[in-house]
Novice: 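Dumping the structure here so I can ask a few things about it.
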Protein chains: 2
Amino acid sequence: MKYSASKENYLKAIFHLQYEQSIVTTNAVAASLNTKAASVSDMLRKLKAEKLLIYEKYRGFKLNTEGKKVAAQIIRKHRLWEYFLVEKLGFGWDEVHEMAEELEHASSKKMIDRLEEYLGYPQTDPHGDPIPDSNGKIKSYRQLNLLDLPLNKTVQVSAISEQTSGMLELLQHKNIRIGTKLEVRKKFPFDNSLELKIRNQAPITVSELVAKNILVKDDQA
Amino acid sequence: MKYSASKENYLKAIFHLQYEQSIVTTNAVAASLNTKAASVSDMLRKLKAEKLLIYEKYRGFKLNTEGKKVAAQIIRKHRLWEYFLVEKLGFGWDEVHEMAEELEHASSKKMIDRLEEYLGYPQTDPHGDPIPDSNGKIKSYRQLNLLDLPLNKTVQVSAISEQTSGMLELLQHKNIRIGTKLEVRKKFPFDNSLELKIRNQAPITVSELVAKNILVKDDQA
DNA sequence: AATTTAATTTAGACAAATCTAAAAAAAAGT
DNA sequence: ACTTTTTTTTAGATTTGTCTAAATTAAATT
Ligand SMILES: [Mn+2]
Ligand SMILES: [Mn+2]
Ligand SMILES: [Mn+2]
Ligand SMILES: [Mn+2]
């Protein structure tokens with residue numbers, strides 16, 4: 001139940017990637033970890049052997065339940081340390097990622113639980129990302145704009161970043177307001193416009209500019 | 001200027017050993033790191049190539065100035081983290097060593113300097129060992145009893161742990177009191193008695209029992 | 001459908017850190 | 001001074017994680 005720092009970094013990278021796109025590719029991991037595709041292939045074989053990964057050659061891969069559990073613990077450590085560095089040591093939120101990247105590999109679970117208590121059970125890290133609890137459960141994900149959302153994931157509109165009258169008029173016409181549940185059905189790379197589906201309504205289309213200003217969070221109904 | 005965790009552990013072990021015995025042996029390091037003599041030999045070659053070590057084959061070795069500087073920074077990190085774990089997270093002093101053994105390898109110097117500030121510039125770790133400052137200078141070493149002292153090192157008596165009348169009578173007769181500067185000239189393994197030299201006085205002998213109860217610190221006159 | 005391009009995997013090499021077993025050197029004992 | 005024992009070093013393997021280059025598979029384009 002103890003993994004090398006390298007394996008932990010792979011697990012974490014895959015976890016983040018599969019949130020955005022439920023099947024993950026070798027090249028995506030290589031880019032995310034600044035390594036080479038060949039190295040990723042090598043590691044995939046090992047992670048599969050350790051039963052952390054669902055993987056068939058050439059078919060893409062994703063973490064299984066155990067893999068997600070392990071990844072969540074690493075992310076928990078990362079974010080709690082980031083919170084510590086900002087709130088206690090006075091670093092800016094833009095300075096702490098690299099330091100947390102090292103601290104997250106310290107293995108004591110008891111230490112992290114004590115740290116969490118000491119920090120007053122913060123809900124999110126300094127970047128607004130949620131901190132998984134001691135059991136690995138992640139309450140809600142950060143607010144994202146629609147452009148960054150994976151396809152076919154039901155979310156709830158949590159905020160509109162550009163609150164001009166023109167924007168509001170448009171949203172009203174399309175029946176979108178805070179709390180609306182929707183999913184992105186299709187992305188058109190040509191103009192980055194999106195096709196959205198709101199429950200019990202016909203699909204609608206929004207432009208890149210509009211999509212960027214619609215912030216959403218996980219639908220935790 | 002960035003060394004692997006493994007190399008840092010070797011540097012730290014050698015640093016501690018050479019405090020007690022200015023030339024260090026392969027077997028002593030192997031015992032201290034729970035590794036094999038062959039592995040130590042391998043590492044010595046590397047550390048010498050990196051100019052951290054004075055080493056001639058079969059002749060023993062010790063850290064050079066640079067090696068000591070690097071080691072002091074690792075010890076600084078180790079002890080500051082131990083202090084944090086005890087004072088902020090509420091661990092007992094007997095629980096923190098293993099955790100600090102991992103945290104000490106996080107590389108950011110800025111982080112450690114901020115941690116030190118946050119902790120209020122503690123002088124010693126939870127075990128009473130001194131914390132090197134940001135430049136690597138170690139103020140004074142921990143109180144040791146005479147049995148643990150290296151030969152020919154001038155120290156100052158800082159405390160007498162057994163304060164019985166019999167002990168005090170004996171010390172008075174031998175001219176030893178708090179503040180007395182002395183060094184151990186010889187150790188007799190037969191009965192663990194010691195020959196001591198006090199400045200401007202003839203050598204005197206103390207028994208194991210007496211030596212154990214004389215605590216000393218570095219002579220920082 | 002065939003061809004070209006892109007993505008992925010494998011083959012083979014390498015560096016770091018470790019080990020066991022054997023060789024070499026130093027220290028201790030006679 | 002020899003011999004024996006202990007310590008240290010070297011030789012040769014092994015594991016982990018990485019890489020480049022080549023082979024394979026899949027995807028995209030004609
Ligand atoms: Mn981060
Ligand atoms: Mn990391
Ligand atoms: Mn360590
Ligand atoms: Mn300590």
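Just so it is clear, the values below take in all heavy atoms, side chains as well, and ignore hydrogens, waters and symmetry mates. Chain A is the first sequence line, chain B the second, and so forth, proteins listed ahead of strands; every chain is numbered from 1.
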Novice: According to side chain to side chain contact (heavy atoms under 4.5 Å, CB included), who are the partners of E116(B), at least two apart in sequence or on a separate chain?
Specialist: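 Counting only residues at least two positions away or on another chain, E116(B) forms a side chain to side chain contact (heavy atoms under 4.5 Å, CB included) with R76(B), L80(B), Y121(B).
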Novice: Figure out the OH/P separation between Y3(A) and dG17(D), and round it to whole Å.
Specialist: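 Roughly 13 Å, once rounded to whole Å.
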Novice: Tell me: CE of M43(B) to C1' of dT9(D), nearest whole Å?
Specialist: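 In whole Å, dT9(D) C1' and M43(B) CE are 16 Å from each other.
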Novice: Should S39(A) be listed as having a side-chain N or O under 4.0 Å from OP1 or OP2 of dG17(D)?
Specialist: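 Result: no.
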Novice: So if I take residues 24-35 of chain A and measure heavy-atom distances to DNA chain C, which residues fall below 4.0 Å?
Specialist: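 Heavy-atom contacts with DNA chain C come from T25(A), T26(A), N27(A).
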Novice: Kindly give the heavy-atom pair with the smallest separation between E104(A) and E8(A), and that separation in Å.
Specialist: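 E104(A) and E8(A) have their closest heavy atoms at O-OE1, 4.0 Å.
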Novice: Below 4.0 Å from chain A heavy atoms, what is the first contacting nucleotide of DNA chain C and what is the last?
Specialist: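 Here the contact window of chain A covers dA7(C) to dT10(C).
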Novice: What is the separation between atom CG on D42(A) and atom C1' on dT15(D), rounded to the nearest whole Å?
Specialist: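 That distance rounds to 13 Å.
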Novice: So if I take residues 52-61 of chain B and measure heavy-atom distances to DNA chain D, which residues fall below 4.0 Å?
Specialist: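 Hits under 4.0 Å, by residue number: Y55(B), K57(B), Y58(B).
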Novice: Kindly say if K36(A) contacts the phosphate of dT18(D), meaning a side-chain N or O under 4.0 Å from OP1 or OP2.
Specialist: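 For dT18(D), neither OP1 nor OP2 has a side-chain N or O of K36(A) closer than 4.0 Å.
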Novice: Run the side chain to side chain contact (heavy atoms under 4.5 Å, CB included) test against K48(B) and tell me which residues pass, sequence neighbours left out.
Specialist: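 Per chain and number, K48(B) pairs via side chain to side chain contact (heavy atoms under 4.5 Å, CB included) with Y55(B), E56(B).
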Novice: Is a side-chain donor or acceptor of Q123(B) paired with a backbone partner of I131(B) at a separation under 3.5 angstrom?
Specialist: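 Flag not set: sc Q123(B) to bb I131(B) has no pair under 3.5 Å.
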Novice: For S207(A), what residues pass the side chain to side chain contact (heavy atoms under 4.5 Å, CB included) criterion, not counting sequence neighbours?
Specialist: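 Testing S207(A) for side chain to side chain contact (heavy atoms under 4.5 Å, CB included), a comparison that skips the adjacent residues, returns L209(A), V210(A).
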Novice: Closer than 3.5 angstrom, by distance alone: can the side chain of K197(B) be matched with the main-chain N or O of Q201(B) as a donor-acceptor pair?
Specialist: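 It does hold such a pair.
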Novice: So does K46(A) pair up with D42(A), basic N to acidic O under 4.0 Å?
Specialist: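 Here K46(A) does not pair with D42(A) in a salt bridge, since their nearest N and O are not under 4.0 Å apart.
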Novice: Does dT16(D) have its OP1 or OP2 closer than 4.0 Å to a side-chain nitrogen or oxygen of S6(A)?
Specialist: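 Negative; the distance criterion is not met.
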Novice: Under a 3.5 Å distance rule, please check whether K77(A) uses its side chain to pair with a backbone N or O of A106(A) as donor and acceptor.
Specialist: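 Checked: pair present.
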Novice: Just say parallel, tilted or perpendicular for the rings of H97(A) and H78(A), cut-offs at 30° and 60°.
Specialist: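 Geometry flag for H78(A) against H97(A): tilted rings.
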Novice: Assess, by modelled atom type and distance only, whether the side chains of K57(B) and S41(B) contain a donor and an acceptor separated by less than 3.5 Å.
Specialist: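 No, no side-chain donor-acceptor pair sits under 3.5 Å.
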Novice: Closer than 4.0 angstrom, basic N to acidic O: yes or no for E183(A) and R185(A)?
Specialist: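 Judged by the 4.0 Å cut-off on N to carboxylate O distance, E183(A) and R185(A) do form a salt bridge.
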Novice: Report the distance from atom NZ of K46(B) to atom P of dT9(D), rounded to the nearest whole Å.
Specialist: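 Distance check: K46(B) NZ to dT9(D) P gives 14 Å.
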